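Inspection log for the structure reproduced underneath, given as C-alpha cells.
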Amino acid sequence: MKLIYFAWVREQVGIDEENVDLPATIKTIADLLAWLPERGDNYAIFEQAHALRAAINQEHVDHDTLITDAQEIAIFPPMTGG
C-alpha cells in the first residue's frame, strides 16, 4: 500500500511517499496512525494522530474508516483557510 505524506507531516517523516506492507491487524485509519510511530523516530509525528487528516484513494475519510480497499492513503495536517 502506498502512503503519501503532505506538508509538515512530510517534513517530519522525511519522505514524500512510501510503499508499506501493513500488519493484518490494521483495519482502520486510526489503527494505521497508531502503528506508524512504531516505525522509528521520524514517525513520532503520528503520536499526534488527533491532529491529522487522511484520504483513501484521494477521498477524505474519518479515522474510523476501514482501509480494506485502499490502494493509497494520504496523511496531512488540517487545512486552514486564507
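Hydrogens, waters and symmetry mates play no part in the numbers below; they use all other heavy atoms, side chains included. Since we're looking at a predicted model, the values are computed, not measured. Here, residue 1 is the first one in the sequence, and each next residue gets the next number.
Ring geometry for F6 against F76 counts as perpendicular: the plane angle is over 60°, on a 0 to 90° scale with 30° as the lower cut.
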Report task. For the pair I73 and V61, evaluate side-chain contact (heavy atoms from CB on, under 4.5 Å) and give the outcome as yes or no after the intermediate values. Result -> CA-CA 10 Å; I73 296 175; V61 296; over 6 Å; no

Requested in this report: Go through the steps to decide whether L3 and V13 satisfy the test side-chain contact (heavy atoms from CB on, under 4.5 Å), and finish with yes or no.
Outcome: CA-CA 11 Å; L3 299 179; V13 175; over 6 Å; no

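Separating the CG atom in L22 from the CG atom in L36 is a distance of 8.0 Å, to the nearest 0.5 Å. Taking CD1 from I75 and CZ from F46, the interatomic distance works out to 4.5 Å, rounded to the nearest 0.5 Å. Distance check: I15 CD1 to R10 CZ gives 11.5 Å after rounding to the nearest 0.5 Å. Here I4 contributes atom CD1 and N19 contributes atom CG; the two are 9.5 Å apart, rounded to the nearest 0.5 Å.
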Residues 48-56 side chain polar contacts: donor-acceptor under 3.5 Å, at least two apart:
| residue | atom | partner | partner atom | Å |
| --- | --- | --- | --- | --- |
| R53 | NH2 | H60 | ND1 | 3.3 |

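Every residue was checked against the salt bridge (charged side-chain N to carboxylate O under 4.0 Å, His left out) condition with D21, not counting sequence neighbours, and none meets it. Under the rule for a side chain to side chain contact (heavy atoms under 4.5 Å, CB included), the partners of N57 that lie at least two apart in sequence or sit in another chain are Q71, E72. Looking at residues two or more places apart in sequence or on another chain, you find a side chain to side chain contact (heavy atoms under 4.5 Å, CB included) between D64 and D62. Every side chain to side chain donor-acceptor pair (under 3.5 Å) that T28 has, sequence neighbours left out, goes to D31. Scanning for ring pair (Phe, Tyr, Trp, His ring centres under 6.0 Å) contacts around Y43 gives an empty result, with sequence neighbours left out. Residues meeting the salt bridge (charged side-chain N to carboxylate O under 4.0 Å, His left out) test with E17, sequence neighbours left out: K2.
In the hydrophobic cluster analysis, where Ile, Leu, Val, Met, Phe, Trp and Tyr join through side-chain heavy atoms closer than 4.5 angstrom, L32 is grouped together with V20.
Side-chain contact between I45 and W8: present, with at least one pair of heavy atoms (C-beta onward) separated by less than 4.5 Å.
The salt bridge (charged side-chain N to carboxylate O under 4.0 Å, His left out) contacts involving residues 33-43 comprise E18-R39, where partners must be two or more places apart or lie in separate chains.
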